[in-house]
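Letters go in sequence order (proteins before strands), and every chain restarts at 1.
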There are 2 protein chains.
Amino acid sequence: MNYTIIDIANISGVSKSTVSRVISNSGYVSPAAREKVLTAIEKLQYKPNAVARAMVSRHTKNIGVIIYRQHHPIASHPFYGKILDAILEKASELGYSIFVMTDKEITSKSADFLLEKRVDGLILISRLNQELIDYFKSSQIPFVMVNGTSDDSNVIHLVNDDERGGELAAEHMLSLGLTRIAVFAGPQEHRSHFLRLKGFRKTYSQNGYEVDENHIYYADSSQFEEGYKAFQSIWERSHNLQAIFATNDMIALGVIKAIYEKGMQVPKDIAVVGFDDIDYAAMSNPSLTTVHSAKTRMGHEAVLMLDEWIHGNTRQTKMQMFTPELKIRNSTKIEIMEGLS
Amino acid sequence: MNYTIIDIANISGVSKSTVSRVISNSGYVSPAAREKVLTAIEKLQYKPNAVARAMVSRHTKNIGVIIYRQHHPIASHPFYGKILDAILEKASELGYSIFVMTDKEITSKSADFLLEKRVDGLILISRLNQELIDYFKSSQIPFVMVNGTSDDSNVIHLVNDDERGGELAAEHMLSLGLTRIAVFAGPQEHRSHFLRLKGFRKTYSQNGYEVDENHIYYADSSQFEEGYKAFQSIWERSHNLQAIFATNDMIALGVIKAIYEKGMQVPKDIAVVGFDDIDYAAMSNPSLTTVHSAKTRMGHEAVLMLDEWIHGNTRQTKMQMFTPELKIRNSTKIEIMEGLS
DNA sequence: GATCGGCGTGGGAACCTTCCCACATATAGG
DNA sequence: CCTATATGTGGGAAGGTTCCCACGCCGATC
């Protein structure tokens, strides 16, 4: 069914070595021989067997991407999926194929699977624990972490400067005079949510406003439903909120929906600021003011750095941090509040 | 760096054949020998080399997924990404690894790449042309098409019953007495958009209302921006619309946004119906009435059918059609219009 | 006590490629 | 004319596994 290099050799009347040289474009091959081989390849629609090639060359040109996440969606997630899209794009440019796996549990199971497939490297997305990080380190496989947790400065990881992002959100809200606020924070064991909240509180604090712990709602997950439900619960505690900061856009979108269902409007009654700048932030009604995180750049850079490692080069700085950017949209389009506190 | 079956054999004092039998759990192995081998495997953290295995067994347990699509997002697309998520899930259940590729052009380029990697089968998502379908047929590789175009009844393809979906949308709108309507249709060369429009018009027609060709806007793409821009253009032509049907949710969401920016409200001034039931349909403000398409089921079924083919079984019915379902939400929550035309 | 089947084990070929080495021819330099 | 170098070609080993076949042992059957 599939032809081999030997078939091509026989048809074109040369040895398999010569065919190999033609395919890999290396060594000496006479124009006549090359011509004959090329015609035979074309005629039989011969495709070199990458499995056999990997067998001898000891590398597959395959990269594994594992997204650690408990809830759907995963690939179609507006944040993680966006990173994946960027990975796919850059990998294709560099000639890699990508295995995508999703894993609900933070264990080595998926990775072992891909390790058996002999991938050249691994890209790990989202939070994983130190035990797993140590496992990857000991396995000798080149790997990079995207948007994950690690204080281990020896591990390549690409993250958003979430603390700075939190500050940006706070600065914006402060500039609008919004001081009666609430925060809807995603799971604090996740680096991003933790730092976003931290930066936000710090900035408010530095400006003389402590964020009341009673006005911080800690969500169990970072999903839409969480923001939606959470708003009801916090609303009962405090009726005179001016604004809400959510540590990601999905939560913010859930909050907006809940606000409208209570018969209020954004930003007229309550302003909302999100984080991530997922595609829907711009599309939502009203469009959502948010902090842009470098999803595409993280994905591209992850592949680039992994590729370097695979080729034996490593950079000095293992940690790459991307600067976030504030995107002001309609959900905070208000007159500046004055003299209120 | 990586141990081989021979290393395990040497350590445990048996032959490589015995180790192979232990790993594959086949043939006769004495409990004593099995025990020794297992300990050695555990001790060395031996991982069988799937590349070598694929070499001899002639199958890789890898499946390629190619998403043919010109515009970003792809993996993170609320429709295609959702299918991909389902594929990933089911594949993992069945022990397959998934190569994901995206291709902007409808050529055999990506497929050739995966064919070289010797995938066991291919899942092709979205529209492709007959030439390419013929190419896959001639390549002998098991493949299934998801949400693609094909009149070739010999090709396995999974589609949504889009025509019926168009009817459902029309029936709902008619039941609300909405007759002054406009349609925003995605690219007509795409089977889905074509059939959705067809079913919709047919139903209106059967009820005595022809959809005026002047009130159909044919969009160049099926994206948010398209719906957004399109509304402005159609709005100038007709100021007294009661409702809009868009052939997918992204376009519908764009329309809603444009409606609000013109100072009107949904559904009070104009009702909107979409198609697909992407996650954001439920989250949007107002929530979007839409026709649910079986994204997850299509993804699951695609893997299942491909797996059957890989194992040499094929079903009689190559074409599997999924019945759509109307999801009534707030974007059509109106008093029934009476006596208007 | 020879034969037979079940059990347990090991050796070797095969899968398809790359890479190294050996060999052949032609050309140039001394 | 002989050697050195460039060009061109082919053979064989290696890479790690599976699978087939052969072989040895044991207990049961005739």
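Using a 4.0 Å cut-off, no side-chain N or O of B/Tyr28 falls inside it from OP1 or OP2 of C/dG8. Neither OP1 nor OP2 of D/dG8 sits under 4.0 Å from any side-chain N or O of A/Ser30. OP1 and OP2 of C/dG11 both lie 4.0 Å or more from every side-chain N or O belonging to B/Ser15. Proximity of A/Thr18 to the phosphate of D/dT9: no side-chain N or O atom is located under 4.0 Å from OP1 or OP2.
A salt bridge links A/Lys82 with A/Asp279: at least one charged nitrogen is closer than 4.0 Å to a carboxylate oxygen. Ion pairing between a basic and an acidic side chain is recognised when a charged N comes within 4.0 Å of a carboxylate O; B/Asp307 and B/Lys90 show no such pairing. For A/Lys318 and A/Asp152, the salt-bridge test fails: no basic side-chain N is under 4.0 Å from an acidic carboxylate O.
If you take CD1 of A/Ile41 and C1' of C/dC16, they are 14 Å apart, rounded to a whole angstrom.
With D/dG8, C/dG11, C/dT18 as the choices, the nucleotide that has an atom nearest any side-chain atom of B/Lys16 turns out to be C/dG11. Residue A/Tyr46 has its side chain nearest to C/dT17 when only C/dT17, D/dT18, C/dT18 are considered. Set against C/dT18, D/dT17, D/dT9, the side chain of B/Ile5 has D/dT17 as its closest nucleotide. Nearest to the side chain of A/Pro31, among D/dT17, D/dG8, C/dC15, sits D/dG8. Nearest to the side chain of A/Arg58, among C/dC16, C/dT9, D/dG15, sits D/dG15.
Among all heavy-atom pairs drawn from B/Leu114 and B/Gly64, the shortest one is CD1-CA, 3.9 Å.
One N or O donor and one acceptor, one from the side chain of B/Ser17 and one from the base of C/dG11, sit under 3.5 Å apart. For A/Arg21 against D/dG10, a side-chain N or O and a base N or O form a donor-acceptor pair under 3.5 Å.
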